[in-house]
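The block underneath contains the structure these notes are about, expressed in structure tokens.
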Amino acid sequence: MQKPLIERAHAMGLRTLCFAWEDGAVCRDICDVFYPISIVEKEAILAICREEKIDGICTIASDVAAPTVAYVAEQMGLVGNSYEASLKANNKHLMRRAFMDAGVPCPQYMCVDADHTQDRLWGIDNTMSLPLIVKPSDRSGSLAVNKVECWEDLSVAVEQAQFVSFRHEAMVEEYIDGREISVEFISYQGKHYPLQITDKMTTGAPH
């Protein structure tokens with residue numbers, strides 16, 4: 001989904017630099033300069049962007065790239081979201097904590113890191129009730145999301161989520177039944193512009 005962005009930039013007469021893992025990099029052959037660097041390597045990308053003296057940086061349809069984009073923009077004084085806000089939008093644990101601090105209702109949850117898994121699982125068993133949703137704290141695309149309906153399945157679901165998480169963290173949340181709806185916005189200079197309200201189609205339980 002990055003390809004239309006590069007094509008649009010070229011139509012506007014812009015020079016494009018792309019960063020991605022080389023395997024499966026769709027834009028490698030259409031951008032002006034390709035760097036086979038993971039999009040989470042923010043310091044390496046910042047160094048190249050400073051050397052190239054870029055005028056702007058962005059991503060499209062990639063939650064994982066958003067913190068790096070914000071970090072580079074902030075360090076170089078370019079237009080972009082704040083790095084702190086991007087981290088909260090990208091990490092479900094930080095997001096939930098920010099919601100709770102602001103008094104925004106959200107599911108009861110617990111973050112389970114790899115170093116304290118057993119202690120945390122015991123705490124979940126004593127403070128939360130089934131069914132539960134288990135997911136990685138920092139991935140997208142519904143990767144390793146599981147609905148847990150019996151305690152015997154909880155540890156396996158947590159291990160799966162930790163395995164795919166960059167931070168090896170699993171989110172265990174109370175399950176809330178209902179329609180899933182996404183609302184897409186662009187926010188600019190303190191004003192919020194709704195673009196689309198969409199019913200989300202999912203595969204259903206357990207994923």
Side-chain angles (χ1 to χ4, degrees), residues 1-2 20-21 23-24 38-40 59-70 81 84-185 187 192 194-207:
M1 295 183 73
Q2 308 293 320
W21 288 317
D23 185 29
S38 168
I39 54 178
V40 301
T59 185
I60 186 170
S62 175
D63 295 347
V64 177
T68 296
V69 168
N81 297 319
E84 181 182 2
S86 293
L87 287 178
K88 290 177 181 177
N90 191 254
N91 183 291
K92 297 173 181 67
H93 177 212
L94 299 179
M95 184 189 300
R96 290 277 188 261
R97 195 165 64 190
F99 285 165
M100 287 184 167
D101 289 345
V104 177
C106 62
Q108 182 183 358
Y109 80 96
M110 189 174 290
C111 186
V112 183
D113 62 54
D115 293 332
H116 303 92
T117 298
Q118 291 306 316
D119 291 341
R120 288 289 192 177
L121 291 180
W122 181 87
I124 291 165
D125 199 351
N126 282 271
T127 59
M128 300 175 73
S129 58
L130 296 171
L132 298 168
I133 290 291
V134 179
K135 63 182 76 170
S137 68
D138 53 3
R139 296 301 296 267
S140 58
S142 299
L143 191 64
V145 174
N146 279 287
K147 182 182 180 183
V148 174
E149 303 200 58
C150 62
W151 292 114
E152 291 77 10
D153 295 337
L154 178 60
S155 60
V156 174
V158 167
E159 287 175 7
Q160 290 176 352
Q162 288 175 338
F163 180 76
V164 302
S165 166
F166 291 121
R167 298 170 60 90
H168 306 296
E169 291 177 345
M171 293 284 288
V172 181
E173 301 179 340
E174 105 183 273
Y175 175 73
I176 296 178
D177 193 20
R179 294 166 63 193
E180 184 176 350
I181 298 171
S182 70
V183 183
E184 314 299 333
F185 277 85
S187 297
H192 312 293
L195 305 179
Q196 186 74 38
I197 300 175
T198 309
D199 272 308
K200 299 293 285 290
M201 302 300 291
T202 66
T203 59
H207 306 298

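N81 places no side-chain N or O within donor-acceptor distance of the main-chain N or O of S86, the cut-off being under 3.5 Å. In this structure, the side chain of Q2 does not engage the main chain of T59 through any donor-acceptor pair within 3.5 Å. Judged by distance alone, the side chain of Q162 and the main-chain N or O of V112 form a donor-acceptor pair under 3.5 Å.
Annotation: side-chain contact (heavy atoms from CB on, under 4.5 Å) contacts of A66 (sequence neighbours excluded): none. For the side-chain hydrogen bond (donor to acceptor under 3.5 Å, both in side chains) test, no residue two or more places apart in sequence or in another chain qualifies with T68. Here N90 pairs with nothing under the side-chain hydrogen bond (donor to acceptor under 3.5 Å, both in side chains) rule; sequence neighbours left out. In this view, E174 satisfies the side-chain hydrogen bond (donor to acceptor under 3.5 Å, both in side chains) rule with no residue, not counting sequence neighbours. Applying the ring pair (Phe, Tyr, Trp, His ring centres under 6.0 Å) criterion to H93, with sequence neighbours excluded, gives Y109.
In this structure, D23 places its CG atom where only 12 or fewer heavy-atom neighbours from other residues, nucleotides or ligands lie under 6.0 Å away. The environment of L195 atom CG is dense: over 12 non-hydrogen atoms of other residues, nucleotides or ligands sit within 6.0 angstrom. Other residues, nucleotides and ligands contribute at most 12 non-hydrogen atoms within 6.0 Å of the CZ atom of F163.
Here CE of M110 is found 10.0 Å from CG of L132. Values are rounded to the nearest 0.5 Å. One distance of note links CE of M171 with OG of S137; it measures 7.0 Å at 0.5 Å rounding. Annotation: the span from D199 atom CG to E180 atom CD amounts to 9.5 Å, rounded to 0.5 Å. Atom CG in L154 sits 10.0 Å away from atom CG in N146 (nearest 0.5 Å).
Nearest heavy-atom pair, K92 versus P136, reported as atom, atom and distance to 0.1 Å: CD-O, 3.5 Å. Residue I39 comes nearest to A20 through the heavy atom pair CG2-CA, 4.4 Å, listed as atom of the first residue, atom of the second, then distance. Nearest heavy atoms, R167 versus N91: CD-ND2, 3.4 Å. Nearest approach of A161 to V134, heavy atoms of both residues: CB-CG1, 4.1 Å. Contact record, W21 with S38: NE1-CB, 3.3 Å, taken as the closest heavy-atom pair.
Under the 4.5 Å side-chain criterion, counting only non-hydrogen atoms from C-beta, E169 is in contact with D113. Here the side chains of L143 and V145 are not in contact, with every heavy-atom distance at 4.5 Å or above.
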With a 3.5 Å cut-off and sequence neighbours excluded, list the donor-acceptor pairs that the side chains of residues 94-108 form with protein atoms.
unit_1: R96; atom_1: NE; unit_2: E173; atom_2: OE2; d: 3.0
unit_1: R96; atom_1: NH2; unit_2: E173; atom_2: OE1; d: 3.3
unit_1: R96; atom_1: NH2; unit_2: E173; atom_2: OE2; d: 3.0

